[in-house]
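Below, all heavy atoms of this structure are taken into account, side chains as well, without hydrogens, waters or symmetry copies. Chain letters run A, B, ... following the sequence lines, proteins first, then strands; residues in each count from 1.
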Protein chains: 2
Amino acid sequence: MVTLKDISRDLGLSVTQVSRALGGHADVNAQTRKRVRAAADRLGYRPNAVARGLKTGRSGIVAMVVSGTRTPEASAHLLEIVMGLSAEFSRIGLRFVLHVAQPDEDTVRLHEDLFLAGGIDGFIVISPQKSDPRIAALTRMGAAFVVHGRDPDQAHVHVDIDNFEVGRRMTDHLLRLGHRRIAFLTAGDNTFFSRERVRGLKRAYADHGLDAGMARVVGLPMIAPEGQRAASTLLSSKQRPTAIIAGNTLLARGVYRAAAMHGLQIPCDLSVLAHDDDLELFATDTFDPPIGGTFAPLSQAWVSVADTLQTMIEPEKEGLKHRILPLGFQIGGSAKSNSD
Amino acid sequence: MVTLKDISRDLGLSVTQVSRALGGHADVNAQTRKRVRAAADRLGYRPNAVARGLKTGRSGIVAMVVSGTRTPEASAHLLEIVMGLSAEFSRIGLRFVLHVAQPDEDTVRLHEDLFLAGGIDGFIVISPQKSDPRIAALTRMGAAFVVHGRDPDQAHVHVDIDNFEVGRRMTDHLLRLGHRRIAFLTAGDNTFFSRERVRGLKRAYADHGLDAGMARVVGLPMIAPEGQRAASTLLSSKQRPTAIIAGNTLLARGVYRAAAMHGLQIPCDLSVLAHDDDLELFATDTFDPPIGGTFAPLSQAWVSVADTLQTMIEPEKEGLKHRILPLGFQIGGSAKSNSD
DNA sequence: CTGAAAGCGCTTACAG
DNA sequence: CTGAAAGCGCTTACAG
């Protein structure tokens with residue numbers, strides 16, 4: 001292993017100067033800097049992150065702890081998220097590692113263990129639950145962390161989209177098209193984003209002077225088979241909805257399948273909208289007709305999450321601190337006016 | 001942050017003794033040890049892994065670098081592997097972290113970066129390719145690592161099953177039942193395990209005095225849709241096979257589907273065997289009829305992988321060094337005698 | 001522009 | 001059984 005000492009000996013310089021030269025500090029003779037750089041390359045020097053970490057208190061590593069998932073779709077979803085985060089962090093010079101816990105493992109303790117042992121500069125938390133204990137623990141320990149999404153019960157740095165608007169805009173779009181019986185497939189009530197979206201849906205009804213009681217809200221795991229099952233039930237019901245809003249494109253995929261099984265054409269017999277995270281694995285380009293709805297690429301969120309966490313870890317590099325990301329709307333071809 | 005110094009000050013002891021007491025060394029007065037333990041708990045002491053790492057050269061962290069995958073099934077497969085490894089490593093007191101690379105990212109470089117920066121004690125490599133460059137790089141750097149599977153072109157520590165036997169036993173079983181036209185669905189030719197299995201298949205034919213030319217070997221990604229497609233093609237062919245061997249249960253799932261679509265009953269019209277890794281996500285208890293074939297739980301492999309890597313990292317804890325794991329055979333109900 | 005020195009928190013010969 | 005000291009490899013005031 002080549003150390004600063006080796007370089008300093010090789011060059012007859014002090015370790016101090018070598019360190020400064022490689023660190024790119026201004027107060028080093030340009031000549032010297034060049035010589036040091038050359039020697040470091042020649043000897044194959046690699047800075048020891050552990051030693052640097054002990055001195056500076058920073059390891060350059062950020063972590064995320066997740067629980068193992070139960071379904072292929074959820075796994076694929078998780079891995080795409082991890083890939084997106086990894087890419088952003090490596091772009092800004094931080095290393096992102098994942099710790100996958102057992103389903104029955106205590107993730108709060110894992111956060112504590114990882115942080116208190118040192119060596120982790122910060123954390124990412126995704127899919128926060130109501131009064132999320134991970135957020136409470138990280139806050140208590142004074143760890144740097146960014147949450148994707150939001151827990152309204154605690155104050156914390158977060159990056160999110162305006163989920164109220166997600167619910168409001170899609171519902172408004174359908175109401176304008178004349179739909180009244182709208183079903184909304186979304187996650188359970190213990191997620192803030194879902195509650196916000198439902199609140200947006202209700203607001204849209206109210207804005208149109210309508211009773212939101214006409215809408216049906218269904219809470220479910222947000223994967224295709226569940227979407228298919230729920231849509232199937234809805235489409236078999238007496239007062240079947242004329243439009244379905246899917247919380248993500250996986251659910252929408254299930255809705256499309258259910259519609260096909262019921263012999264219903266989209267958008268003629270059934271309008272469908274979905275919120276689209278723009279995930280590659282569940283690309284919407286295979287939707288026929290093309291799906292409409294709100295649009296906010298998760299990849300944007302990762303840019304923001306990574307930059308924000310970096311700013312918390314390295315305050316000297318003042319970066320952006322986006323919090324609420326912009327929301328788009330795609331018309332698509334999956335919704336049509338209704339005159340029931 | 002509470003350090004050894006804080007405890008030593010609190011107790012009026014030297015840092016040396018505090019360190020030894022907490023480290024469980026024998027040469028410390030039992031009384032003292034107790035007092036130190038109590039003080040550490042009271043003050044909330046957590047050893048600083050970074051400092052320890054600088055001194056001992058060990059971080060207690062092992063890593064695996066994988067490329068992001070493209071399909072939900074492959075993602076689920078990967079995550080189950082990661083969960084299994086995580087569980088084993090945490091059982092023996094090591095932390096297992098995952099780095100998920102972009103599909104286009106240079107994983108060799110990632111291994112180098114992670115290792116040369118220090119802070120990673122060892123690596124796990126899975127799914128080795130022919131002349132795998134990751135293995136070459138880790139060997140060159142002198143890193144501790146264990147490969148699950150084997151690269152015949154390089155010497156390295158590995159944990160594996162006897163894949164020759166996997167191919168030989170399943171083929172032998174079918175040949176004894178009178179099958180002659182056997183199709184074998186397996187991975188591409190660039191994997192050692194697949195070549196070994198094919199070699200085993202040929203040996204079984206030879207042992208029965210038969211020409212292995214009657215067998216059909218199909219290389220493909222080992223997931224259900226591919227198995228279904230390949231089986232469908234085979235079952236439509238003129239000289240359709242009377243038996244299909246699937247390299248894993250995902251492929252077998254696809255074969256079952258294809259058989260159903262072709263109106264073929266298993267095992268009456270078609271015999272099917274599969275190698276079963278005993279993964280929870282692709283449990284075989286939903287196979288009707290129950291699938292037969294070779295059986296070797298991956299969870300066993302992880303026990304062995306973790307113990308072996310620990311032995312390489314901490315030679316003082318001499319542990320087991322299983323290399324080739326035992327192989328079982330399940331009769332199941334998916335294969336039947338043939339008299340074509 | 002350069003170097004000697006201190007120190008991050010820990011472990012471990014060494015001497016008593 | 002106990003403690004003073006050295007040192008892992010780095011960074012960074014401080015003094016020149």
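Between the side chains of A:Gln154 and A:Asp151, at least one donor N or O lies within less than 3.5 Å of an accepting N or O.
Pairing analysis of DNA chain C (Watson-Crick: purine N1 to pyrimidine N3 plus N6-O4 or O6-N4; G-U wobble: N1-O2 and O6-N3; both under 3.5 Å) yields stems of 3 or more pairs at C:1-3 with D:14-16, C:5-12 with D:5-12, C:14-16 with D:1-3.
Taking 4.0 Å as the cut-off between side-chain N and carboxylate O, A:Asp160 and A:Arg323 do not count as a salt-bridged pair. Ionic pairing of A:Glu112 and A:Arg134 is not present here: no N-O contact between side-chain nitrogen and carboxylate oxygen is shorter than 4.0 angstrom.
Separating the CD atom of B:Gln17 from the C1' atom of D:dA5 is a distance of 15 Å, rounded to the nearest angstrom. Taking atom CG on B:Leu22 and atom P on D:dT2, their separation rounds to 14 Å, with Å as the unit. With rounding to whole Å, A:Gln31 atom CD is found 10 Å from C:dT2 atom P. To the nearest angstrom, P of D:dT11 lies 11 Å from CZ of A:Arg20.
Residue contacts shown for B:Ser19 include a base, since a base heavy atom lies under 4.0 Å away. Contact annotation for B:Val15: base contact, defined as any heavy-atom pair under 4.0 Å involving a base atom. In this structure, A:Thr56 reaches the sugar-phosphate backbone alone: every heavy-atom distance under 4.0 Å involves primed, P, OP1 or OP2 atoms, never a base.
Remark: A:Thr16 is not in phosphate contact with C:dG3, judged by side-chain N or O atoms under 4.0 Å from OP1 or OP2.
Between B:Asn29 and B:Leu54, the residue anchored closer to the 5' end of DNA chain D is B:Asn29, taking for each the nucleotide with the nearest heavy atom. Between B:Val28 and B:Lys55, the residue whose closest nucleotide on DNA chain D is further toward the 5' end is B:Val28.
In this structure, B:Phe145 has its ring center no closer than 6.0 Å to that of B:Phe123.
Counting heavy atoms from C-beta on, the side chains of B:Arg52 and B:Pro47 come closer than 4.5 Å.
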